[in-house]
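What follows is one structure encoded as structure tokens, with my remarks underneath.
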Amino acid sequence: MTLWEMAAVLLAGVAAGAINTIVGSGTLITFPVLLAVGLPPVTANVSNSLGLVPGSLAGAIGYRAELAGQRHRLLRFGTASLLGGLTGAALLVTLPGSAFAAVVPVLILTALVLVVVQPRVARAMAARRAAGTAAPATDGGWPLLLCIGLTGVYGGYFGAAQGVLLLALMGMLLPDDLQTVNGIKNVLAVIVNGVAALFFLFTSHIDWTAALLIAAGATLGGVLGAKVGRRLPPIALRALIVLVGLAAVTKLLFF
């Protein structure tokens, strides 16, 4: 990579770390940038997963106040995320690279849809709670546990917008405020990205320059996201994610 390309990857890591802490879908920033600097899709995904782990950890630490009293849930949900993330990582390594290249545009488009509809889901959750109808179980029951496990599979395999998925699922099925749910989401993202990255260390080719640049940027972004991320204009943030995601799909399909 040239110095300009390295700077682009570093800045993408900062943006992804902040976005992941706030809502999720930071991979839609870093993955297209890694493709643009010439990394093959699978290598880009593996290096990205490893690089985002420190940023996810920084974001989770930033939400430690919201995680008070959540030990039981974190153990329960974290186990499902760990098993799911390991399964997804194994699928990425086991399936041929052509399969990943073929399915990634679909996954990115799905993630973009989730990013766009997430505000509507959040409003629906708020209305449901305000009405006081059908109060969800304290831990969401087996449906939520299963959904978290499946989201972990998706996160271990690709991961774009897994945070959005987790926010929507837990927001609908847990009786907690969104900040608490976001704190839990950040911990689960650490587990999924961490177990996938550990698996990739022993099974895949990693571009260490890209991974370290993203790690440095994402760590800074995670800290910033936990402190001031809620002040960012949501519409502008989502518009940026959608534009970058569409650029990635265009590159994968036509170049």
Side-chain angles (χ1 to χ4, degrees), residues 19-20 23-28 31 41-42 45-46 48-50 52-53 56 59-60 70 72-96 99-118 120-122 124-125 128 136-176 178 180-200 203-204 241 245:
I19 291 170
N20 279 339
V23 63
S25 69
T27 291
L28 291 177
F31 186 73
V42 173
N45 188 52
V46 168
N48 180 65
S49 295
L50 180 61
L52 288 178
V53 172
S56 298
Q70 298 297 322
H72 172 73
R73 280 181 179 167
L74 293 177
L75 287 173
R76 178 179 171 84
F77 297 161
T79 300
S81 291
L82 188 149
L83 294 175
L86 188 60
T87 301
L91 288 174
L92 179 65
V93 172
T94 303
L95 296 177
F100 179 79
V103 76
V104 159
V106 178
L107 294 178
I108 292 178
L109 288 173
T110 301
L112 292 178
V113 172
L114 292 171
V115 169
V116 172
V117 304
Q118 195 270 339
R120 183 172 297 179
V121 173
M125 295 183 314
R128 177 185 177 187
T138 302
D139 62 358
W142 284 103
L144 179 57
L145 193 66
L146 176 61
C147 289
I148 287 175
L150 292 175
T151 303
V153 175
Y154 170 74
Y157 186 79
F158 183 51
Q162 69 165 318
V164 175
L165 272 172
L166 288 170
L167 279 177
L169 290 167
M170 291 190 293
M172 288 185 288
L173 296 174
L174 293 177
D176 299 82
L178 190 58
T180 298
V181 170
N182 203 26
I184 297 173
K185 177 267 293 181
N186 286 332
V187 174
L188 298 185
V190 172
I191 293 172
V192 172
N193 291 339
V195 71
L198 186 62
F199 186 84
F200 295 147
T203 60
S204 304
I241 292 172

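As the structure is a computational prediction, the values presented were derived from the model and not from experiment. Throughout, numbering of the chain's residues begins at 1 and tracks the sequence.
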Output side-chain donor-acceptor pairs under 3.5 Å for residues 149-159, partner residues at least two apart or in another chain, one line each.
unit_1: Thr151; atom_1: OG1; unit_2: Cys147; atom_2: O; d: 2.8
unit_1: Tyr154; atom_1: OH; unit_2: Ala160; atom_2: O; d: 2.5

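Here the OG1 atom belonging to Thr79 is positioned 8.5 Å from the CG atom belonging to Leu145, to the nearest 0.5 angstrom. Remark: Asn182 CG to Met170 CE distance equals 8.0 Å, nearest 0.5 Å. The distance from atom CG of Leu198 to atom OG1 of Thr203, rounded to the nearest 0.5 Å, is 9.5 Å. Atoms CD1 and CD, on Ile184 and Gln70 in that order, are 4.0 Å from each other to the nearest 0.5 Å. The structure places CG of Asn48 at 10.0 Å from CZ of Phe200, a figure rounded to the nearest 0.5 Å.
Taking the side chain as every heavy atom from C-beta outward, Lys185 and Leu188 never approach each other to under 4.5 Å. No side-chain heavy atom of Leu95 sits under 4.5 Å from any side-chain heavy atom of Phe100.
Evaluation of the salt bridge (Lys or Arg N to Asp or Glu O under 4.0 Å) test over residues 74-93, restricted to residues two or more places apart or in two chains, returns Arg76-Asp139.
Shortest non-hydrogen contact noted between Asn20 and Gly26 is OD1-N, 2.7 Å. Residue Thr87 comes nearest to Leu83 through the heavy atom pair OG1-O, 2.9 Å, listed as atom of the first residue, atom of the second, then distance. Across all non-hydrogen atoms, the minimal contact from Ser56 to Asn193 is OG-ND2, 3.3 Å. Scanning all heavy atoms of the two residues, the minimum distance from Val190 to Ala60 falls at CG2-CB, 4.1 Å. Here the closest heavy-atom approach between residue Asn186 and residue Gly59 is recorded as ND2-O, 3.8 Å. Annotation for Ala196 and Gly85: closest pair CB-O, 4.4 Å, computed over non-hydrogen atoms.
Exactly one of Ile191, Leu174, Leu82, Leu166 qualifies for a side-chain contact (heavy atoms from CB on, under 4.5 Å) with Phe77. That residue is Leu174.
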